[in-house]
Number of protein chains: 2
Amino acid sequence: MHMLAIATPGASPTTRRLRTASKHNQFLEPRQAVSADPLAEMMTVESGCLALSHYLPDGRRQISDIVGPGRIFSIGADCRAESLTYSSVAPADVSQDAYSSQGRMLLARMQAHALLLGRKTAAERVATAVLDLARQFAPAERASRQTRPTFILYPTRADLADWLGLTIETISRTLNSFKRMGLIGFDRPERITILNQIALERTAGGHTA
Amino acid sequence: MHMLAIATPGASPTTRRLRTASKHNQFLEPRQAVSADPLAEMMTVESGCLALSHYLPDGRRQISDIVGPGRIFSIGADCRAESLTYSSVAPADVSQDAYSSQGRMLLARMQAHALLLGRKTAAERVATAVLDLARQFAPAERASRQTRPTFILYPTRADLADWLGLTIETISRTLNSFKRMGLIGFDRPERITILNQIALERTAGGHTA
DNA sequence: CGCCTACTTGAAGGGCATCAAGCGAAGTGG
DNA sequence: CCACTTCGCTTGATGCCCTTCAAGTAGGCG
């Protein structure tokens with residue numbers, strides 16, 4: 001179901017530009033899986049974007065989280081971590097503080113996502129997702145709030161569908177409806193600008209977190 | 001939205017029968033919320049059954065987990081732990097081993113539940129839930145597998161609906177359809193017997209975990 | 001230039017929600 | 001003790017949100 005781009009790790013000109021780090025780092029091409037490091041229970045995203053996905057035997061996929069720079073994740077059994085763009089990951093040095101706070105955050109995110117999957121409508125789900133991705137991937141220019149927050153939407157429509165428990169078509173329809181309503185803007189499908197954050201948050205149905 | 005039974009903690013004849021423990025224990029009547037213990041980040045269920053729930057501003061509820069004896073849970077912000085029967089909970093003494101393994105289990109459960117909410121059909125969800133509750137609440141009589149596993153279904157149809165992202169009516173219809181198909185049996189709504197575990201697991205759609 | 005992949009858009013259908021009614025057990029008050 | 005209420009559950013009829021199916025468009029890369 002997935003056409004994985006063949007990658008020669010660390011060989012492309014693009015990956016070489018990524019931030020250097022210890023010898024256990026992994027540099028990933030788009031659509032490349034993170035290979036589990038038996039020494040590191042948890043890993044951290046240094047740059048790029050990952051999707052944590054889970055599969056049913058018949059191929060149905062559920063993405064449990066989209067992870068951006070600075071965040072920590074773990075790949076246990078039945079969990080595949082896949083890059084959505086050029087990315088680099090490293091074993092997380094788990095000081096207990098970070099472990100506890102990041103673990104708590106991970107759990108809270110999962111609970112919020114369960115609420116989304118179980119009880120929110122399609123529009124609410126997409127609005128929540130857009131705000132979440134903006135928070136993770138929009139450059140932090142809190143000084144100049146003048147400019148509308150803009151960010152690269154690393155997940156494809158298919159990724160969003162598998163994250164939000166919807167279909168590709170519903171994702172596309174909802175995003176374009178948001179565009180027509182002036183909530184967001186995009187010329188290319190992957191470059192999103194938030195035009196009306198208030199209305200988006202209202203549409204997200206509270207608990208945007 | 002919730003009619004909570006007024007309880008004088010530890011006063012009823014029934015709660016007094018529960019297993020005694022340290023002074024920080026909480027004894028709960030049915031439908032009573034666990035009050036957050038600021039000293040204890042995580043708590044453990046000694047007996048009974050709890051539901052961890054999350055609410056949208058308009059009242060929609062999502063139960064992220066149903067927790068039985070021996071399991072550990074945490075009540076952070078936006079999370080309410082409610083007893084589904086007479087229960088007792090205690091602060092978890094968090095040896096790092098237990099914390100790590102229980103935390104990992106909690107995360108894995110949440111991911112499996114996200115897969116259920118996002119990608120499984122109603123029948124698959126109910127079958128998965130029945131098997132999960134049987135594993136948690138059926139008396140461990142692995143020696144005598146002769147007898148069909150039977151257990152008390154502490155969550156009501158409404159609880160199950162809010163756990164599985166469905167409605168009361170769909171839960172009822174699906175359970176009765178399982179009964180007609182000979183997968184499960186019940187005379188009273190809350191006393192479930194598993195009659196065909198193999199077929200249930202097949203219906204659950206793999207990854208029963 | 002042709003193929004492929006991602007995205008978009010319309011039309012039709014289905015799975016589950018909603019609405020509605022009824023049943024039975026437990027609790028309450030007269 | 002028995003009407004009366006309440007609550008959880010069941011069952012049927014109808015509706016709708018999202019899926020499914022089906023084209024069609026645009027950008028990227030050989």
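Reminder, nothing fancy here: chain letters follow the sequence lines and each chain counts from 1. This one's a predicted model, so the numbers in the text were calculated from it and none came from an experiment.
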Let me know the distance between [atom1] of [X] and [atom2] of [N], rounded to the nearest Å.
X        : N      : atom1 : atom2 : answer
A/Leu164 : D/dC18 : CG    : C1'   : 14 Å
B/Leu175 : D/dT10 : CG    : P     : 7 Å
A/Arg157 : D/dT19 : CZ    : P     : 16 Å
B/Arg188 : D/dC9  : CZ    : C1'   : 15 Å
A/Ile171 : C/dA6  : CD1   : P     : 15 Å
A/Lys120 : C/dA17 : NZ    : P     : 18 Å
B/Glu190 : C/dA26 : CD    : C1'   : 13 Å
A/Leu160 : C/dT8  : CG    : P     : 10 Å

*In terms of ring plane angle, is the pair B/His113 and B/Trp163 parallel, tilted or perpendicular, where the classes change at 30° and 60°?*
parallel
With 3.5 Å as the limit, what N/O pairs link the protein to nucleotides 11-13 of chain D?
residue	atom	partner	partner atom	Å
D/dG12	N7	B/Arg173	NH1	2.9
D/dG12	O6	B/Arg173	NH2	3.2

*asked:* Taking any heavy-atom pair under 4.0 Å as a contact, classify B/Leu166: base, sugar-phosphate, or nothing.
replied: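 Sugar-phosphate: the residue B/Leu166, judged by heavy atoms under 4.0 Å, touches backbone atoms but no base.
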*If you pin B/Thr156 and A/Thr167 to their nearest nucleotides in DNA chain D, which one's is more 5'?*
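By nearest-heavy-atom nucleotide position, the 5'-most residue is B/Thr156.
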_Check: B/Ser88/B/Glu46 side-chain N/O donor and acceptor closer than 3.5 Å_ = yes
*Consider only side-chain N and O atoms of B/Thr170 and B/Thr167, and report whether a donor and an acceptor are under 3.5 Å apart.*
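Checked: B/Thr170/B/Thr167 side chains pair up, N/O donor to acceptor below 3.5 Å.
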*For the pair A/Phe186 and A/Thr193, evaluate side chain to side chain contact (heavy atoms under 4.5 Å, CB included) and give the outcome as yes or no after the intermediate values.*
CA-CA 6 Å; A/Phe186 57 91; A/Thr193 299; over 6 Å; no
*Which residue, A/Ala158 or A/Arg119, contacts DNA chain C at a nucleotide closer to its 5' end, judged by nearest heavy atom?*
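Upstream on the strand: A/Ala158.
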*B/Gln62 and B/Leu56: side chain to side chain contact (heavy atoms under 4.5 Å, CB included), yes or no, with the steps?*
CA-CA 8 Å; B/Gln62 176 65 42; B/Leu56 283 174; over 6 Å; no
*Between A/Thr203 and A/Thr128, is a side chain to side chain contact (heavy atoms under 4.5 Å, CB included) present by the stated rule, with each step listed?*
CA-CA 8 Å; A/Thr203 306; A/Thr128 306; over 6 Å; no
*Begin with the C-alpha distance, continue with both residues' side-chain angles, and end with the deciding distance and a verdict on salt bridge (charged side-chain N to carboxylate O under 4.0 Å, His left out) for A/Arg157 and A/Asp162.*
CA-CA 9 Å; A/Arg157 305 296 190 254; A/Asp162 287 341; over 6 Å; no
